[in-house]
Amino acid sequence: MADGTRQDALTDRVYEGVKAMIMDHEIAPGARVSIEGLARQLDVSATPVREALARLESERLVVKRPNAGYRATDLLDPDALLDLFEMRLLLEPRAASLAAENASDDELGRLRAIVEEMRRQPDLGEKYSDYRRFAALDQEFHDVLAQAAGRPLLADAVNRLHAHLHMLRLNSAPGSVEATVAEHEHVLDALVQRNPEKAAEAMATHLRSSRVRHRPQPPTPRPARGRTAPR
């Protein structure tokens, strides 16, 4: 059992390490992903690297090609971002409306706990390591809310849409912690009040604001070698 726990922890560490490389473009979009190269870089055997890449394939951050190994997925373009949020605007306000009617007290408590933890997160930076916990909590809020709607197919569709966000390699703009938490609070308040119309409206407002915040930004120029990047 202890050996299995250590192996799981190692795979988790490798998964997070490779995911950070992809999200931060250390592994460029479309680039080949070498299992042997990653194993050497992370000082592990090939097995946890393969297990990590299988998880990343399920998140659509890498694709496996027959007889050609893995490569990082290409970036989705701004039109894909627009399509993604259009779909979310079709599904998630409806989920919020249903959750206002069907959410249990336990589910509302989970949503409250998520919002409180989001509020305690530090200001976000540009690196995946800076914003990954906040992003995970953000996704968890939306997924728990969708489950609380009491419609399994709707919840599954919402979850699948969130998986696509990884493919856009999104980071969060300055000030988005406060704005996102405030918008989640408005949604949660409507759920607690059992007000379907208000919940749907609050969710739609949140998604429209999030779409603006997550517009792709041009890459930040790398500082010249030997110089310190401006802060």
Side-chain angles (χ1 to χ4, degrees), residues 19-20 23-25 75-100 103 107-149 155 158-193 195-220 230-231:
K19 185 173 183 177
M23 297 295 283
D24 293 334
H25 292 199
L75 285 178
L76 298 183
D77 58 27
D79 287 341
L81 177 65
L82 178 62
D83 288 346
L84 179 60
F85 274 94
E86 288 296 330
M87 287 299 297
R88 293 185 71 186
L89 280 162
L90 286 173
L91 296 178
E92 295 195 56
R94 177 58 176 161
S97 175
L98 289 168
E107 286 167 331
L108 292 177
R110 284 182 64 193
L111 290 168
R112 172 62 63 191
I114 293 166
V115 171
E116 292 298 331
E117 186 174 352
M118 292 181 77
R119 190 181 299 281
R120 293 192 294 268
Q121 298 303 305
D123 290 338
L124 303 181
E126 295 182 355
K127 302 285 285 184
Y128 172 67
S129 59
D130 297 328
Y131 65 83
R132 69 181 182 185
R133 181 56 184 159
F134 186 86
L137 289 166
D138 187 19
Q139 180 169 338
E140 185 180 1
F141 178 89
H142 286 268
D143 288 344
V144 171
L145 185 150
Q147 292 165 11
V158 169
N159 182 266
R160 288 175 182 274
L161 285 176
H162 292 166
H164 284 277
L165 285 170
H166 289 311
M167 297 175 68
L168 290 143
R169 316 291 203 276
L170 296 177
N171 61 1
S172 295
S176 64
V177 169
E178 183 177 351
T180 300
V181 171
E183 290 159 13
H184 283 187
E185 285 277 11
H186 292 153
V187 174
L188 183 55
D189 287 346
L191 299 181
V192 171
Q193 295 168 21
N195 187 322
E197 293 79 13
K198 187 176 178 181
E201 181 181 353
M203 178 60 78
T205 297
H206 167 52
L207 292 174
R208 292 188 186 103
S209 297
S210 182
R211 179 174 59 191
V212 172
R213 286 194 294 270
H214 286 134
R215 283 174 180 162
Q217 301 296 319
T220 302
R231 301 294 293 175

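In this chain, residues are counted from 1 in sequence order.
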Distance-only polar pair, side chains of R88 and S210, donor-acceptor under 3.5 Å: no
Only counting residues at least two apart or in another chain, list the ones meeting salt bridge (Lys or Arg N to Asp or Glu O under 4.0 Å) with [X].
| X | result |
| --- | --- |
| E197 | none |
| E201 | none |
| R208 | none |
| D189 | R112 |

Heavy-atom closest contact (E86 atom, R211 atom, distance): OE2-NH1, 3.2 Å
Validation row: D138, H184 side chains within 4.5 angstrom (heavy atoms):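 A side-chain contact under 4.5 Å exists here.
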4.5 Å side-chain heavy-atom contact, V181 and F134: yes
Residues which pass side-chain hydrogen bond (donor to acceptor under 3.5 Å, both in side chains) with R120, listed by chain and number, not counting sequence neighbours: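 For R120 there are no side-chain hydrogen bond (donor to acceptor under 3.5 Å, both in side chains) partners, ignoring immediate neighbours.
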With N159 via side-chain hydrogen bond (donor to acceptor under 3.5 Å, both in side chains) - residues at least two apart: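 Per chain and number, N159 pairs via side-chain hydrogen bond (donor to acceptor under 3.5 Å, both in side chains) with D143.
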For P196, all residues meeting side-chain contact (heavy atoms from CB on, under 4.5 Å), sequence neighbours excluded: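 If we apply the side-chain contact (heavy atoms from CB on, under 4.5 Å) test to P196, skipping adjacent residues, the hits are S97, A100, E101.
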Sequence-distant partners of E107, side-chain contact (heavy atoms from CB on, under 4.5 Å), two or more places apart: A103, S104, A148
